[in-house]
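Worksheet for the structure shown next.
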Protein chains: 2
Amino acid sequence: MYKLTKIEGGVCASDGFYADGVSAGLKSNNAKDMAFIYSEVECEIAATFTTNKMCAAPIRHFKQKGDFKTNFVLINSKNANAMTGKAGISDIDDVLSTLPKNISNAVMSSTGVIGVRLPKEKIIAGAKLFDLTKREPNAAAEAIMTTDTFSKQIAYKIELEDGSSFHIGAMAKGAGMINPAMATMLCFITTDADVSKAEMQKILDKNILTTFNAASVDGDTSTNDTVMLLSNAKSGAYDATAFSEALHKIMRFLARQMVKDGEGATKLVTYEVSSAKDDTEAEIVAKALSNSLLVKTALYGEDPNWGRIASTVGASGAEADEESLTISFNDVCVYKKGELFFDAEMEKKASEVMKLDEFSIYCDLGIADGAFTAFGCDLGHKYVEINADYRT
Amino acid sequence: MYKLTKIEGGVCASDGFYADGVSAGLKSNNAKDMAFIYSEVECEIAATFTTNKMCAAPIRHFKQKGDFKTNFVLINSKNANAMTGKAGISDIDDVLSTLPKNISNAVMSSTGVIGVRLPKEKIIAGAKLFDLTKREPNAAAEAIMTTDTFSKQIAYKIELEDGSSFHIGAMAKGAGMINPAMATMLCFITTDADVSKAEMQKILDKNILTTFNAASVDGDTSTNDTVMLLSNAKSGAYDATAFSEALHKIMRFLARQMVKDGEGATKLVTYEVSSAKDDTEAEIVAKALSNSLLVKTALYGEDPNWGRIASTVGASGAEADEESLTISFNDVCVYKKGELFFDAEMEKKASEVMKLDEFSIYCDLGIADGAFTAFGCDLGHKYVEINADYRT
């Protein structure tokens, strides 16, 4: 047995970790735009990156280093250092070479506009403002935001039966370009658990499928997506089941926070697909629903247009039949296996559900026992406003 | 040699075809909502339908009939007769059983809201208003519109070297739910060419890949998509090459008209992808671009954000590399094989291109010789307005 307790502290909740955010003048109005995470001792690293073929310089830089430990992550917002070729890589080397001597194998991570060289001088000057004795997780979480409207952090203390304990803390950013195959999302997780690199990577990979990869804002996959898990083993404690459960809670929470903060989103919708041919087909349907423009605009209009749900299920490519399909908005069943009973009264009830900030759409395909849950949001005028002219 | 001449007349341009549109009170304000196409003699039929698993009753009804000839197509807008189960099929039988005796094997086609039974009595009454001696292609084209803002028709006269000639005429509707795998689009093509059913179907299938299936408004695939080609052979004339070329021109024109009329669209963008690994990968990239929300909103904002183009190419899954990719807006090259030369002056030039109603985005992947051309549009506030509350 073990006990999970939600605690404050974000990426600084784990023993031996420090973090802060500063302004380097990348964003306007002196907003924080650079953050660091520093660990007293070197960390093992597990990481997952974007599948985008145009993956950004920081990710290529990380991968080129091969197997290594680090005690420092430098993060900047406003510039993605993507589509910047070899220059993008050497810009990172130039920045990291200016860091203090007690920093080993520093890692860099970037998010922002694509196709513009890193403002190297500003970033080098910004890094000189870092104070490695600071524990300011809120400032760090704020500094990595782009179009996010709120910062995203969470931490757990995990107490084991033998009296030992460890911590996992995390921060994330992401509000657009969020997609079932990762997204412009950065997530940094720190832990003082005594976990091996291989085990961390395995647990991270497993949990990502039902958390970040189940979240969609607009179906686009970015050049910079990164989930990084750093372990400094300072607690000396570990339990695989407890670690995995806590990590899943953390990743699921942050994934849902990102969808909730989806550009212009007003609703967080959970798509619970069941009775599909298999889990893979359930995932196809759940992601088709969370990405459908017609579904997303109907959500925005709070219009219980279940026909669009049915049509999207049918168009997904998964095995489906109108005679076995059932659709519900929370507990309001709007269509059941070929029966048409959607009248004015039912429309009113379903509309009430759609007015909620968070609700579930259930699709029971009535075929076999495949299931998957995806997270999505609506799409309204604000999304168009934000994205029609993002760079200016 | 042969000569193609664009002519007036839409679906009535071919010898022996009649058409008209009437109001049956399905739409408000006495707008036309029912159309017919009638041929003096029975026609061979070639057809392509939606791949949506929830395919609508009229499509299931057509497929159940097996091999048959017809002289009559009845079309209604406002109600899709989709997700209506067995009742949807018997409603069609009930409607068609009331048609005059000289009509054989009538076909029905519907478009509109999903999940509501056909207003049978209104449609039966509407059909009684049909006058089979009428040649009113404009009225027919208007009656099949839903969210379309203009009707879509075209016709060609094809003159062969031996002095014989035939005609092909067509009408279409479609403005939303338009997607690379067909769309809520109906297209009816009539011809008096003396062409066999098998040959017609073969030419239709080939041409659809580069026309309707290359067009995207919002990436959703409807329950009712139909392209139907009717031949009454009255001209006695035929030439396969000429027929295929004219049919391709007609289908390409209507596909582009549909994208141009995409819900809320202000721009028609042609995505010309070249030098991909093969044609299939070029198609994947072209369709990813035409469906990307981030690209579509950048188009709407007239923001030459080539980074989103690059990111979408990279996310498409096709082989791609930033060192071999070249991106142009018409003749303005904005990115070339790793070189970053996009400055304020170039941004101004690219912005000028984006202000045009129609332009091309060229993506040369620099890998091999695969190519594909897709058609797409922007996504702005009007799309959200139209789709946030379509049913009311």
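Per chain, numbering begins at 1; letters A, B, ... match sequence-line order.
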Engaged part of [X] at the chain B interface, taking heavy atoms whose separation is under 4.5 Å:
| X | result |
| --- | --- |
| S316(A) | neither |
| A318(A) | backbone |
| L325(A) | side chain |

Distance-minimising heavy-atom pair for [X] and [Y]:
| X | Y | value |
| --- | --- | --- |
| V313(B) | C363(B) | CG2-SG, 4.1 Å |
| D91(B) | R117(B) | OD2-NE, 2.7 Å |
| D148(A) | G174(A) | OD2-N, 2.8 Å |
| M354(A) | A298(A) | CE-O, 3.8 Å |

Any idea which of L340(A), D321(A), T84(A), L299(A) has the most non-hydrogen atom pairs under 4.5 angstrom with chain B? L340(A)
Please determine, among G317(A), A82(A), G85(A), G115(A), the option with the most heavy-atom pairs under 4.5 Å with chain B. G115(A)
Heavy-atom pair count under 4.5 Å with chain A, highest-scoring of E322(B), K86(B), E302(B): E322(B)
Please state whether the rings of W306(A) and Y335(A) are parallel, tilted or perpendicular, taking 30° and 60° as the class boundaries. parallel
